[in-house]
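Naming: A, B, ... by sequence-line order, numbering from 1 per chain. Quick caveat: nothing in here was measured; it's all calculated off a predicted structure. All values below come from the heavy atoms of this structure, side chains included, with hydrogens, waters and symmetry mates left out.
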Amino acid sequence: MQRQKSILSFFQRP
Amino acid sequence: MLELRLVQGNLLKKVLEAVKDLVTDANFDCSSTGFSLQAMDSSHVALVALLLRSEGFEHYRCDRNVSMGMNLNNMAKMLKCAGNDDIVTIKADDGSDTVTFMFESPNQDKIADFEMKLMDIDSEHLGIPEAEYHAIVRMPSSEFARICKDLSSIGDTVVISVTKEGVKFSTRGDIGNANVVCRQNTTVDKPEESTTIEMHEPVSLTFALRYMNSFTKATPLSSTVTISLSSELPVVVEYKIAEMGYIRFYLAPKIED
């Protein structure tokens, strides 16, 4: 099974 | 007061066509640097970053930094009313809840004003760290669009692998599987038709084709596309906008559970 990562897990919130 | 005059008004039309299906509402930020946008799709899987540098505008007046919330579908509807050769000026008064798009025909015999309501959008500006990419592929944007379209008729995901042999796009689905390999090719006469692969380390990542296909709506903006890959990082699909800036799409990979 493949899981879609969220872009938020790579880029920092301010 | 904000007044941005863009002689190549069709650039703005193309930008809207490139992002309106991915993002519904977004803040356009205007500063001395330029006119920019950063927005995520509603599932927070992809992010788009646009920059149109101030130097690329014929006239650029932005007295203070402003953020204008716009519905991109509505903005696209208005810009569709501009002719392809029209000069487009974006105007807004301080504190106004509207923005005006002015379209001038090249010989100045027709001038149109379209005023659009702005909206309040809560959006977070994400910090995108500088990254070293394992592989950077530069290829004709039409070729990339063709590959994404072809593969999406077979499967839902694409594996992009870069090795010494070249860049391989693979998919599999119920009816079978498909692989497209593009080799480095710099011998063609025109640089926009060449494929170059800069590889520091082999890399292989899986992405949803639905998003890749959406990114290729930016194809009319640039004859080439740059795909930057690093394991464990979102891919960057970049279309340069001649003399003005870029539109970059970031897409988070799919990983094995």
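- Between the OG atom of S9(A) and the CD atom of E232(B) there is a distance of 10.0 Å, given to the nearest 0.5 Å.
- Atoms CZ and CG, on R3(A) and D257(B) in that order, are 5.0 Å from each other to the nearest 0.5 Å.
- Considering OG1 of T157(B) and CD of Q2(A), their distance stands at 5.5 Å, rounded to 0.5 Å.
- In D122(B), the CG atom is not crowded: 12 or fewer heavy atoms of neighbouring residues, nucleotides or ligands sit closer than 6.0 Å.
- For N179(B), the CG atom sits in a packed shell: over 12 heavy atoms of surrounding residues, nucleotides or ligands are nearer than 6.0 Å.
- Listed in order of number, the residues of residues 245-256 of chain B that approach chain A to under 4.5 Å between heavy atoms are Y250(B), L251(B), A252(B), P253(B), K254(B), I255(B), E256(B).
- Considering all non-hydrogen atoms of both residues, F11(A) and G127(B) come closest at CB-O, 3.5 Å.
- Expressed to the nearest 0.5 Å, how far CD1 of I7(A) lies from CD1 of I128(B) amounts to 8.0 Å.
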Please tabulate, one pair per line, all N/O donor-acceptor pairs under 3.5 Å involving side-chain atoms of residues 159-168 of chain B, not counting sequence neighbours.
residue: S161(B); atom: OG; partner: S204(B); partner atom: OG; Å: 3.1
residue: T163(B); atom: OG1; partner: E165(B); partner atom: N; Å: 3.1

